[in-house]
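Have a look at the structure below, then the notes.
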Amino acid sequence: MPAEGDEMHSPREAGAVAKKSAAVLTRLREGAPRVHCITNSVAQNFTANVLLAAGALPSMTISAAEIADFVLSADALLVNLGTLDSERSKAIEIAIREANTGKLPWVLDPVLIDRTRPRATLARQLLEHGPAAVRLNAAEFRVLSSSPASSGDDVAAFAARSKAVIALSGPTDLVTDGERAATIANGHEWMGKVTAMGCAASALLAACLAVEPDRFDAAAAAMLILGVAGEIAAQEANGPGSFAAAILDALHKLDGDALLQKARVTS
Amino acid sequence: MPAEGDEMHSPREAGAVAKKSAAVLTRLREGAPRVHCITNSVAQNFTANVLLAAGALPSMTISAAEIADFVLSADALLVNLGTLDSERSKAIEIAIREANTGKLPWVLDPVLIDRTRPRATLARQLLEHGPAAVRLNAAEFRVLSSSPASSGDDVAAFAARSKAVIALSGPTDLVTDGERAATIANGHEWMGKVTAMGCAASALLAACLAVEPDRFDAAAAAMLILGVAGEIAAQEANGPGSFAAAILDALHKLDGDALLQKARVTS
Amino acid sequence: MPAEGDEMHSPREAGAVAKKSAAVLTRLREGAPRVHCITNSVAQNFTANVLLAAGALPSMTISAAEIADFVLSADALLVNLGTLDSERSKAIEIAIREANTGKLPWVLDPVLIDRTRPRATLARQLLEHGPAAVRLNAAEFRVLSSSPASSGDDVAAFAARSKAVIALSGPTDLVTDGERAATIANGHEWMGKVTAMGCAASALLAACLAVEPDRFDAAAAAMLILGVAGEIAAQEANGPGSFAAAILDALHKLDGDALLQKARVTS
């Protein structure tokens, strides 16, 4: 991610991000929140396993006839635009309406909107329906925000304008709500070699929103938790295949101490 | 699973369950039955790999135009209600009709019917079309059977009423056809941390039905085979991610001796 | 695969196949071609991970509204007929038209056409639209070619007639364009125990076509790269589950030297 971390806050607050993330992780394990995921067919299996390893309970139906029941009995919602088809499009509309009515936090993941114009248009429309957070990469950010660049200032300005926490994934992740910002330098290059890793990060963000009302803290926790799990996993793995299994193992074992020790956060 | 094992049979019959399961496993390897799976998109990949590891041959299409051809050239059918959409609904209707016409055994897996009313209604309708077996968890059982509880007696009564073998998954699995019952205490807690493990158990049950005409023996074999494979896998794994791979390895290597040695069955 | 290798070329050319494949692998890593995959829902995740491990960039949407955008911004296309449904059928028609208009190479994978007549008919129609290559197994070959057998001569004759390179998977793979032929004896039996391995081979073939204009060389490279990765993976794995992860690790690490040392190619 080309964005530089904004230095809006003192270094002392960096440790605070890790501490809050540890608390979010504890609440995830204890609360076992239900996360309904409208996500692409490539990502469904890995996403479900990431949520289970983190302590959450996934569901994945995309049927228009069933989606309202699932959203209403869930604690958070993920709307991921990958492999968007007519069934998913209908489900998204209903799901967001139900989530907003029921005050359920939801995450928008505008997958690959740099490759398809109808999807970019849809992502911009969905943004107006008030996601709690948007997780995306730099190319997707530039399309969604209509910004030529994705510096920390660009992202913060867009977060303020869209009233959503933005979690921008990259070699260094950036999380900002326009006022606060944190950069998270954890993670491993193999995370970019496992399909659906970003999609799973968005689902984890939704899970964190289910147990943490401060959307900025929830987003920072999700990115830190997955990044630290990735670092631990890389030490066990021989390549991206074994890494995909190892990150689930690491996520399942992860505790607050590991987050505090390994966090490389500036805020 | 809160159900207690019914003590309908002598302990000597417990060993008989393991022996019969070993014979079913041998016939699976030799017969390589074709199992057509209408299953949810989250479970398709893992289910196919479980069937391959056990010696069966999976197919997974859900197209209304093709489903009859696949069912008619298969040896057993799985109907799993997860990620139910319009295409799957149409396919299920055709598939069950063809299976019943062709005397093909089929398994119903009423995934998450505790979360969505239309799906619960569909599951009850499908039950009237005569599945050989139903595999489900306690929450799903209570909805399908309209019972407030899921004790061994409740399950046996429902099996007798519905004329289907019931395989109830949980920390201890219960298999019953209303007259006979077996509890299987094998397995590992990580089986609940891998998405689609229950769905894969249902597919394995369908594979066992393809090679074992006694539906009770087939269901007990499927639950025992997967449970023992899970126990062996847990010794090799570091968490739920590596466990998902290790259970496929264990299933592929599993033989009758391991079943006889490790079975913790009461009947 | 029952086909015998045609001895159309001198042994010296066998080393040439490995050398060319090493060059293709290098170009894959450097070029990071975009491969759009219309593939079955069982195969999507593993296929994406195989492409990422090899250095390519997968996309997977099947929506009729988006498919043209994805194909036009891709470097190669895979058309896999597994889990064929109405959405996929529409997407295939548009995708092939766009690919042909844009001179994009595309691969046809006629999955399981031996099990369903409508799909066999569709596969024969698609063949007339000029795929650069077709990858399939012996049973699928016999249906597609209407040949009773799948000897090297049969396959070469069909390749000449259909003007597509044919890559026939089996214990020994055969690649032929009708004039040239190579047999590749690399690989491991566990490749047949991992679902979607053949589908992933077809996607890798598409990736190789994106960086190698000679379609015969591209097809031979894909089969050799995956076969050698499979052999290396088998040494690390304990069964088909760990093998599926290990082949991704091996593919990610693979270099031209390993190809040259391990290739068992006759041409």
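Remember, it's a predicted structure, so these values are computed and weren't measured experimentally. In the text below, chain A, chain B and the rest are named by the order of the sequence lines, each starting its count at 1.
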> Does any heavy atom of chain A fall under 4.5 Å from the side chain of C/A74, the backbone, both, or neither of them?
Replying inline: both
>> With rounding to the nearest 0.5 angstrom, report the CG to OG1 distance, A/L81 to C/T61.
In response: 10.5 Å
> Going by the side-chain hydrogen bond (donor to acceptor under 3.5 Å, both in side chains) test, which pairs reach into residues 19-29 of chain C, not counting sequence neighbours?
Replying inline: C/R27-C/E212
> In Å, rounded to the nearest 0.5 Å, how long is the span from NE2 of C/H252 to OG of A/S242?
Replying inline: 10.5 Å
> Counting a contact as any heavy-atom pair under 4.5 Å apart, which residues of residues 110-125 of chain A contact chain C?
Replying inline: A/L112, A/R115, A/T116, A/R117, A/P118, A/R119
> Which atoms of C/A65 come close to chain A, meaning under 4.5 Å heavy atom to heavy atom: side chain ones, backbone ones, both, or neither?
Replying inline: backbone
> For chain A, which residues from residues 32-46 of chain C lie under 4.5 Å away (heavy-atom distances)?
Replying inline: C/R34, C/Q44, C/N45
> Which pairs count as side-chain hydrogen bond (donor to acceptor under 3.5 Å, both in side chains) when at least one residue sits in residues 222-236 of chain C, sequence neighbours excluded?
Replying inline: C/N186-C/E231, C/E231-C/R264
> Highest number of heavy-atom pairs under 4.5 Å with chain A: which of C/S73, C/A244, C/A91, C/S59?
Replying inline: C/S73
> Pick from A/S86, A/A196, A/A245: which one has the most heavy-atom pairs with chain C under 4.5 Å?
Replying inline: A/S86
>> Side chains of C/L52 and A/V194, heavy atoms from C-beta outward: is any pair under 4.5 Å?
In response: no
> Distance only, no hydrogens: is a donor on one side chain within 3.5 Å (strictly under) of an acceptor on the other, for A/T195 and C/N49?
Replying inline: no
